[in-house]
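Since the structure is predicted, the reported quantities are computational estimates derived from the model, not experimental observations. In what follows, chains are A, B, ... by sequence order, proteins preceding strands, each numbered from 1.
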2 protein chains.
Amino acid sequence: MIPFVKKSIPRNTVYRLSLYHHCLEGPDGGSISSEALAGLARVKPTQLRKDLAWCGSLGKRGTGYDISTLRRRLAETLGTSALQPVVLVGTGRMGSALLRFRENFSRRGFDIAAAFDTRPDRRSRIASVPLFPMSSLARFVNERSVRLAILCVPGVAAQDVCNALVACGIQAILNFAPIVLQTPEQIAVNNVNVAIELENLSYFLK
Amino acid sequence: MIPFVKKSIPRNTVYRLSLYHHCLEGPDGGSISSEALAGLARVKPTQLRKDLAWCGSLGKRGTGYDISTLRRRLAETLGTSALQPVVLVGTGRMGSALLRFRENFSRRGFDIAAAFDTRPDRRSRIASVPLFPMSSLARFVNERSVRLAILCVPGVAAQDVCNALVACGIQAILNFAPIVLQTPEQIAVNNVNVAIELENLSYFLK
DNA sequence: CTGTGTGAAGGCTTTCACAGCC
DNA sequence: GGCTGTGAAAGCCTTCACACAG
């Protein structure tokens, strides 16, 4: 007997599914054709249809996709139907800036439950997110079963903090520190590195 | 006669070349093997060697790659040997935070030459970068031949500002606004979208 | 004997073409 | 008639295997 393997969605496709989800924030009610949605997301219509096939056959021929159904199904597929708690570590310029966008994230299914810093100075909250010292990170993560972390500490501290996050059970990290984190296989890491993005763009200058 | 076509470096490879360049900031002098550098960048050694082959044959068999030669060649290939002027538009939380990292960028070959905002209030500089009203954007870009822009305005304003940037000759945009920009083919756009990154990570949670 | 450079193979993604349903 | 779903083809990227330089 051939073992059943649930083939997982290709990485690029997962990325584009988030993108489609994002593009559906504007339009409300009714349907949208693959061509229209592909235009918003700047991809080819055939690619969009192939991608959406991973979420099941939910388009109507001759009509397109029902927007609210599609939105729901995308959230289910990506795992953002239920509100997901997130911790943010490092409340320097970048970390604080991100905390101000919290409603943006909560609309997308992410709740920044707490922020941590080595030096939580006077304030106990930033943009209404409670701020704690690093020493209480592990306990908070455990008690609230947090699986996602945003890392905004300076480069020199990043690997140590990353190790601490992994040790207390974090499964995925969005890394703003300008270093490549060394993590075990099973930890998912996405990097946001402005210098690399600029360098990458400069290759395409004429 | 077969026309000579300079095959361009694949997108993923360009991205990884930036990554390697970045990983070489620490070690100084001497050589490094493909295995060691691949470990720092978290890729496979064979992939690294294939990627570096786009920069020419610069490894020594039995030894590895000379670090300073490699760094120089990567910068040449990516087009960051000469200092590249960049404009930043939108000095809200995110824009201001980025301006504080300017030395980080200048070390990598990018000079944030000016920042622009609709409401440049009292200050004429942020983190020593001169701040101008939007009305002087076109002139500045033209006079200084700026080709790269960082876009940090709110989503509702982003497309308009993007159009203005394209109109005055900007060739590449690093977009922090949470929308998909509609631009002509030839403009390179990289997006930094925290909500999408989080959504993407949440797919990989167990 | 170590570690690079590279054709060839394999695997994955995108695009095409068109059948099928509304 | 319009638009989706999907096998097949094409294209691209990664990995392998190994020749060969230092």
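- In this structure, A:Leu52 atom CG and D:dT6 atom P are separated by 12 Å, rounded to whole Å.
- At a threshold of 4.0 angstrom between heavy atoms, the contacts of A:Leu48 with the nucleic acid are absent.
- Considering only heavy atoms from C-beta on, B:Gln186 stays 4.5 Å or farther from B:Gln171 through its side chain.
- When heavy atoms are screened at a 4.0 angstrom cut-off, B:Leu58 is found touching the sugar-phosphate backbone but no base atom.
- Applying the side chain to side chain contact (heavy atoms under 4.5 Å, CB included) criterion to B:Asn193, with sequence neighbours excluded, gives A:His22, B:Pro178, B:Ala195, B:Ile196.
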Sub-3.5 Å pairs of nitrogen or oxygen atoms, protein against nucleotides 8-13 of chain C:
residue	atom	partner	partner atom	Å
C:dA8	N6	B:Lys50	NZ	3.3

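- Computed from coordinates, the A:Tyr65 OH to C:dC21 P distance equals 16 Å when rounded to whole Å.
- At C:dT4, one or more side-chain N or O atoms of B:Ser34 fall inside 4.0 Å of OP1 or OP2 (strictly under the cut-off).
- The side chain of B:Lys44 lies closest to D:dT15 when the candidates are C:dC22, D:dT15, C:dT4.
- Remark: C1' of D:dC12 and CG of B:Asp51 are 14 Å apart, rounded to the nearest angstrom.
- One can place CD1 of B:Ile9 at 13 Å from P of D:dT14, the figure rounded to the nearest angstrom.
- One interatomic measurement links the two molecules: CH2 of B:Trp54 to P of C:dG5, which rounds to 15 Å at whole-angstrom precision.
- The salt bridge (Lys or Arg N to Asp or Glu O under 4.0 Å) contacts involving residues 87-115 of chain B comprise A:Glu199-B:Arg108, B:Glu25-B:Arg107, B:Glu25-B:Arg108, where partners must be two or more places apart or lie in separate chains.
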Would you tabulate the pairs of protein nitrogen or oxygen atoms and nucleotide nitrogen or oxygen atoms of nucleotides 17-21 of chain D closer than 3.5 angstrom?
residue	atom	partner	partner atom	Å
D:dC20	O2	B:Arg61	NH1	3.0

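- Pairs of residues two or more places apart, or lying in two chains, that qualify as salt bridge (Lys or Arg N to Asp or Glu O under 4.0 Å) and include a residue from residues 127-149 of chain B are B:Arg139-B:Glu143.
- Applying the salt bridge (Lys or Arg N to Asp or Glu O under 4.0 Å) test to every pair with at least one member in residues 38-60 of chain A, sequence neighbours left out, gives these pairs: A:Arg16-A:Asp51.
- With sequence neighbours excluded, the residues that form a side chain to side chain contact (heavy atoms under 4.5 Å, CB included) with A:Ile179 are A:Ala158, A:Gln159, A:Leu181.
- A side-chain donor from one of A:Asn200 and B:Asn190 sits under 3.5 Å from a side-chain acceptor of the other.
- In terms of the side chain to side chain contact (heavy atoms under 4.5 Å, CB included) criterion, residue partners of A:Thr69 (sequence neighbours excluded) are, by chain and number, A:Asp66, A:Arg72.
- For residues 85-119 of chain A, every residue pair satisfying the ring pair (Phe, Tyr, Trp, His ring centres under 6.0 Å) rule, not counting sequence neighbours, is listed here: A:Phe116-A:Phe132, A:Phe116-A:Phe140.
- Rounded to an integer number of Å, the gap from CG of B:Leu37 to P of C:dG5 is 12 Å.
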